[in-house]
Amino acid sequence: MTDKDKDEFYMQAAIDQAKIAEENGDVPIGAIIVHNNQIIAKAYNQREQLQDPTAHAEIIALTQAAAALENWHLNDCTMYVTLEPCPMCAGALVLARMKKLVYGCDDPKTGAVKSLYNIVTDGRLNHRLEVTEGVLADECSKLLQGFFQKRRKENNKQN
């Protein structure tokens, strides 16, 4: 299996998590964490469900992975996430010492890996991640666009 095939396989698992978030009425973002070619964490956005502004897919996945490994140092782990992480999540990836980040589509409004900031490779911080961007980007983007189009239609009907 090539690196591209592996990245697409795991990104599809993150997309499956994003679909669960959408079913629960939350923004469809999903994340998984892989260690030694095994998925050790699966998560999706749960901000609406938990009424918690920090309940991003990445944060929940980090907590699960740390529990699975019984260690908050996630040095040999890779996170796959459908959307470019925000500043909170990018910072958490650095603090967790994550080895690699693979993400789907860019986030021009809050992206902190490339779009607005570059937290995960900032040389001023004590840790940097390898980054692969754009894996299944079209599928990730369409999922988000469809969600927000539906949300706008629902809001227009209420007004």
Side-chain angles (χ1 to χ4, degrees), residues 1-34 38-66 74 77-96 98-122 129-159:
M1 185 182 273
T2 68
D3 283 347
K4 182 179 186 246
D5 291 338
K6 186 170 75 168
D7 285 348
E8 289 181 358
F9 174 80
Y10 289 126
M11 186 59 72
Q12 189 58 58
I15 289 169
D16 292 343
Q17 290 298 301
K19 290 176 181 175
I20 296 170
E22 184 172 26
E23 289 167 9
N24 290 326
D26 217 318
V27 178
I29 299 169
I32 66 158
I33 296 177
V34 175
Q38 287 195 302
I39 296 173
I40 60 167
K42 295 181 186 182
Y44 51 87
N45 263 19
Q46 295 183 48
R47 291 182 309 170
E48 296 297 332
Q49 209 175 350
L50 300 176
Q51 289 301 298
D52 178 352
T54 68
H56 290 205
E58 299 97 321
I59 300 299
I60 295 167
L62 285 169
T63 300
Q64 290 175 1
L74 302 177
C77 296
T78 299
M79 174 175 282
Y80 292 82
V81 62
T82 56
L83 182 67
E84 177 184 3
C86 72
M88 174 183 69
C89 294
L93 291 170
V94 170
L95 293 173
M98 182 75 54
K99 179 180 181 179
K100 185 174 180 181
L101 166 67
V102 179
Y103 73 88
C105 56
D106 294 338
D107 184 352
K109 293 186 178 182
T110 64
V113 176
K114 169 187 156 188
S115 297
L116 295 179
Y117 307 102
N118 194 345
I119 292 172
V120 300
T121 60
D122 189 322
L129 285 74
E130 297 172 37
V131 176
T132 300
E133 61 183 81
V135 176
L136 300 180
D138 288 344
E139 190 172 344
C140 294
S141 184
K142 285 177 185 169
L143 190 60
L144 287 160
Q145 289 170 347
F147 173 82
F148 286 113
Q149 285 172 351
K150 221 182 310 175
R151 172 92 31 108
R152 280 191 291 278
K153 281 181 186 174
E154 290 168 2
N155 288 342
N156 285 339
K157 286 180 185 176
Q158 291 174 358
N159 293 335

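Treat the numbers as computed from the prediction; the structure is a model and nothing was measured. Note: hydrogens, waters and symmetry copies are ignored here, and every other heavy atom, side chains too, is used.
- Within 6.0 Å of the NZ atom in K99, the count of heavy atoms belonging to other residues, nucleotides or ligands does not exceed 12.
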Go through the steps for D52 and Q46 under the test side chain to side chain contact (heavy atoms under 4.5 Å, CB included), then give the verdict. CA-CA 8 Å; D52 178 352; Q46 295 183 48; over 6 Å; no

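- Side chain of T78 to main chain of V34: no donor-acceptor pair is present (N/O by atom type, distance under 3.5 Å, no hydrogens or angles).
- The main-chain N or O of R47 is found under 3.5 Å from a side-chain atom of D26 such that the two form a donor-acceptor pair.
- Atoms OG1 and NE2, from T54 and H56 in turn, are 7.5 Å apart once rounded to the nearest 0.5 Å.
- Within the model, atoms CG of L136 and OH of Y80 stand 11.0 Å from one another, a figure rounded to the nearest 0.5 Å.
- A pairwise comparison of heavy atoms in E58 and C89 identifies OE1-SG, 3.5 Å as the closest pair.
- Around the CD atom of Q51, the shell of radius 6.0 Å holds more than 12 heavy atoms that belong to other residues, nucleotides or ligands.
- Within 6.0 Å of CZ on F147 lie more than 12 heavy atoms contributed by other residues, nucleotides or ligands.
- Shortest non-hydrogen contact noted between L129 and L101 is CD2-CB, 3.9 Å.
- Residue pairs meeting the salt bridge (charged side-chain N to carboxylate O under 4.0 Å, His left out) criterion with at least one member in residues 132-150, sequence neighbours excluded: E22-K150, K114-E133.
- Atoms CG and SG, on D107 and C140 in that order, are 12.0 Å from each other to the nearest 0.5 Å.
- One N or O on the side chain of N45 and one on the backbone of A57 form a donor-acceptor pair closer than 3.5 Å.
- Of all non-hydrogen atoms in Y103 and M11, the two that sit nearest each other are C-CE, 3.5 Å.
- Shortest non-hydrogen contact noted between L83 and I29 is CD2-CD1, 3.6 Å.
- Side-chain contact check for V120 versus V131: some heavy-atom pair is nearer than 4.5 Å.
- We find the CG-CE distance between L62 and M98 to be 5.0 Å, quoted to the nearest 0.5 Å.
- What you find for D106 and S115 is that their closest heavy atoms are CB-OG, 3.7 Å.
- To the nearest 0.5 angstrom, L50 atom CG is 9.5 Å from N24 atom CG.
- Q64 contributes a side-chain N or O that, together with a main-chain N or O of K42, makes up a donor-acceptor pair within less than 3.5 Å.
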Give the intermediate values and the outcome of side chain to side chain contact (heavy atoms under 4.5 Å, CB included) for residues L93 and L74. CA-CA 9 Å; L93 291 170; L74 302 177; over 6 Å; no

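- Rounding to the nearest 0.5 Å gives a distance of 10.0 Å between NZ of K4 and CG of D7.
- Closest approach of A13 and I32 over heavy atoms only: CB-CD1, 3.9 Å.
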